[in-house]
Amino acid sequence: MNFLKIKEEELQPLILLFVIFFCIVSTSITGSSVRDTFFLINFDKSYLPVMYILIAVSMAWIISIYKKKISDKNLISIITITNFIFFIPILFIKFNLNGIFIPIFYIWIEIITVLSILQFWMLAGDVFNPRQAKRLFTLIGAGGSFSGIVIGYIIKPYVAFFGTENLLNLTIFFIFLTIYFIRKIDPFIQRNPIKKANFNTSNSKPLVNLSPYIKYIAIMVAFSAVISKIVDYQFKIMASNTFTNQDELISFFGSFYIFTGIATLIMQFFVTNFVLRYFGILLGLMILPTMLTMSSAVFLFTGTFSAIYLAKFSDQVFKFSINNSIQEILWLPIKVKIKKLTKPLIDGTLKSSVEGLAGFFIFILTFYNFITESKVYILSIIIILGAIFWIYNNFKIKNGYISCLLYTSPSPRD
């Protein structure tokens, strides 16, 4: 494994984390495909922005409970319990996927996705130290790309044979598969983590920079979330107007996951590590907002489905390859106790809250007919302006990250 820079003792936990992430993303893809299709075809899609608002409210409540429960609990146990909790409502809704249960299911799948990914990267950060993470996190993230390719490929024949709602059988299967492999990773968790930078501002002046550093991460997460949600809204409205049949729409989503999975895989194996090794995190952080700026500009001036497809494709590919890998690396120099308190707030509560605000803003614009379904491209103006500020904030993040690393003790394991 020399060409991948994987050490012998890292191989087994790397494979386990790869498989776990494959299962988590497979759960999300199968559940989201059913959710989006049923909502856009069998429910009033004008309420799509309202879903963003309800998700934000739900996540704020759930994250507040989650923080209290995980403060002194083993992360493996927490993930196992939450996955059992994820399963029960899905089993019920599977046999009642109509009426009010469609929007309820929409919210529940988002909760599953957000919490599962949040927990997973916290777990990965407890298995590998910062130096290892820089080499290995992109390989671990490739599990999600393989999921997109595999699940995207089987969605169309599976739905044709078993029916759209029965795709949830795969969702349930991958939830239990996640539980199984989570138990296998426990021996590889670092019980004595390396000393990391903290928030004590009374002892050392340079450590004062750490609090603004987390603030810059929060700003990046917030702008990324708002922009991603607007792109998501534009994409789903355009897709549902283009594919008006339930089977056609879910097949389209399957094809989309295949193409994005392949592109993300290429990014993770051939681009992300190269960029991080030779150009550093700043260039890596710039790729996603730059691509969203360019693709949204194209959609603004053309208003075509292919243009918003490009924007959503860019968001999906670069977010789940280089951007997410770097985002997790940014958290690694921060003390574990502080990270457990602030990361759920930023990646959970803050992210969902600004997505809710984005949903509220879109709902007001559409409800009062300032923007109609045929003119959703106008929202790209907000995306372009937000992405420009996002790029500016990335310079602040890079400087803060370097300052944190200067006060992080290296691990003898790497």
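If you read the sequence from its start, that first residue is 1, and numbering goes on from there.
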N/O donor-acceptor pair under 3.5 Å between [X] side chain and [Y] backbone:
X    : Y    : value
Q316 : F313 : no
Q234 : V376 : yes
S147 : G143 : no
S296 : T293 : no

Would you indicate whether [X], at its atom [atom1], is surrounded by more than 12 heavy atoms from other residues, nucleotides or ligands within a distance under 6.0 Å?
X    : atom1 : result
F367 : CZ    : no
K319 : NZ    : yes
Y392 : OH    : no
F361 : CZ    : no
F259 : CZ    : no

- Task: Identify whether NZ of Lys or CZ of Arg in R35 sits under 6.0 Å from the centre of the six-membered ring of F105 and within 45° of that ring's axis.
- Result: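 No, a cation-pi geometry is absent between R35 and F105.
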Less than 3.5 Å apart, which donor and acceptor atoms pair up between the side chains of residues 90-100 and the rest of the protein, not counting sequence neighbours?
{"from": "K94", "atom 1": "NZ", "to": "N166", "atom 2": "OD1", "distance (Å)": "3.1"}
{"from": "N96", "atom 1": "ND2", "to": "F92", "atom 2": "O", "distance (Å)": "2.8"}

- Message: Students often mix this up, so state it plainly: with edges at 30° and 60°, are the rings of F22 and F174 parallel, tilted or perpendicular?
- Response: perpendicular
- Message: If the threshold is 4.0 Å, N to carboxylate O, is there a salt bridge linking K343 and D347?
- Response: yes
- With sequence neighbours excluded, what pairs up with S255 under the side-chain hydrogen bond (donor to acceptor under 3.5 Å, both in side chains) test? none
